[in-house]
Engineer: 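For reference, the structure I am asking about is given below.
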Amino acid sequence: MRFDLMAGTAAAPLAPITRAPVVLVFDSGLGGLTVLAEVRRARPDARVVYAADDAAFPYGGLAEPVLVARVLAVMERLIAVHAPDLVVVACNTASTLVLPALRQRFDIPFVGTVPPIKPAAAATRSGLVSVLATPGTVRRDYTRELVDTYAAGCRVTLVGATGLAALAEAALSGLPVSDADLWAEIGPCFVEGEAGRTDVVVLACTHYPLLLARYQAIAPWPVTWIDPAPAIARRMTQLIGGPVRGLGDDSPGPVRAAFTSGDRLTPALRTALADRGVAEVAFEAMPLVLQ
Ligand code: DGL
């Protein structure tokens with residue numbers, strides 16, 4: 001199954017929106033904050049809602065049918081409550097699976113986040129590229145197709161990190177995260193052989209850029225880390241246009257956040273959210289019920 005990298009069937013720009021658009025940025029947890037920053041930079045006038053399905057976090061370990069049903073159910077609620085003009089699915093684990101179903105069910109544009117394999121293949125000199133992702137994203141047919149289509153000439157190592165998204169959440173919540181724990185997750189990205197060594201690592205989970213400075217500090221050699229967030233924001237503005245003149249200045253407006261649980265909202269996390277422009281936190285309680 002192939003679907004358009006970022007925009008799928010909704011690839012054509014929309015009729016221009018002459019008021020401030022409502023943009024919903026969605027993730028399983030806090031990873032979408034890395035995309036939120038680029039979205040706000042690109043459309044400072046937008047009214048942005050950040051939605052975290054933290055009741056079902058992590059998505060990376062969920063079976064595919066469970067994840068499809070979950071994302072559709074949560075999106076149904078979020079769209080009914082917030083009436084977005086566009087949704088950014090700031091989650092590779094969800095985007096690589098659920099985008100076709102979302103586009104079929106809802107009549108608004110969805111911009112997905114998928115592993116940036118193509119820019120990685122263009123950037124590598126050694127031909128050794130590693131893709132750091134959740135186990136779910138690594139398993140997807142869609143991810144394999146991206147590799148076959150865009151990186152056939154490279155040696156691609158897919159690294160399914162079982163606990164890295166949770167470590168990023170812990171760090172943002174003010175808990176200590178050791179270098180040893182981080183290395184256990186990212187170490188397999190660093191491949192060295194007769195042909196050379198890895199020179200590009202794809203950050204194929206939106207949580208991962210939250211800890212980029214930590215990876216750089218423990219990396220055994222320098223590599224190029226590829227974060228798709230700026231490209232996702234560009235895709236959004238292709239679809240809904242740039243800022244509407246006279247509606248906002250260059251400083252982005254406050255963000256409203258909605259959590260489906262909110263159980264892990266520590267004071268440190270509230271501060272981290274406030275630092276990222278989140279002025280108000282609400283709860284759309286939706287426990288995950290596994291049958
Ligand atoms: N932030 C999500 C992604 O980009 C995944 C984290 C999770 O496992 O829930 O894939």
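One-based numbering, in listed order, for ligands and for the atoms of each.
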Engineer: Does any non-hydrogen side-chain atom of Trp221 lie less than 4.5 Å from one of Asp199?
Structural biologist: no

Engineer: Exactly one of Leu33, Thr34, Val25 should register a side chain to side chain contact (heavy atoms under 4.5 Å, CB included) with Thr206. Which one does?
Structural biologist: Thr34

Engineer: At what distance, to the nearest 0.5 angstrom, does CD1 of Ile218 lie from CG of Leu182?
Structural biologist: 5.0 Å

Engineer: Among Thr260, Asp53, Leu62, find the one that has a side chain to side chain contact (heavy atoms under 4.5 Å, CB included) with Leu288.
Structural biologist: Leu62

Engineer: What distance do Arg47 atom CZ and Asp85 atom CG have between them, rounded to the nearest 0.5 Å?
Structural biologist: 8.5 Å

Engineer: With a 4.0 Å heavy-atom cut-off, what residues sit around ligand 1?
Structural biologist: Asp27, Ser28, Phe57, Pro58, Tyr59, Gly60, Cys91, Asn92, Thr93, Thr134, Ala165, Cys205, Thr206, His207

Engineer: Kindly indicate, with the supporting measurements, whether the criterion ring pair (Phe, Tyr, Trp, His ring centres under 6.0 Å) is fulfilled by Phe26 and His82.
Structural biologist: CA-CA 12 Å; Phe26 172 81; His82 302 285; over 10 Å; no

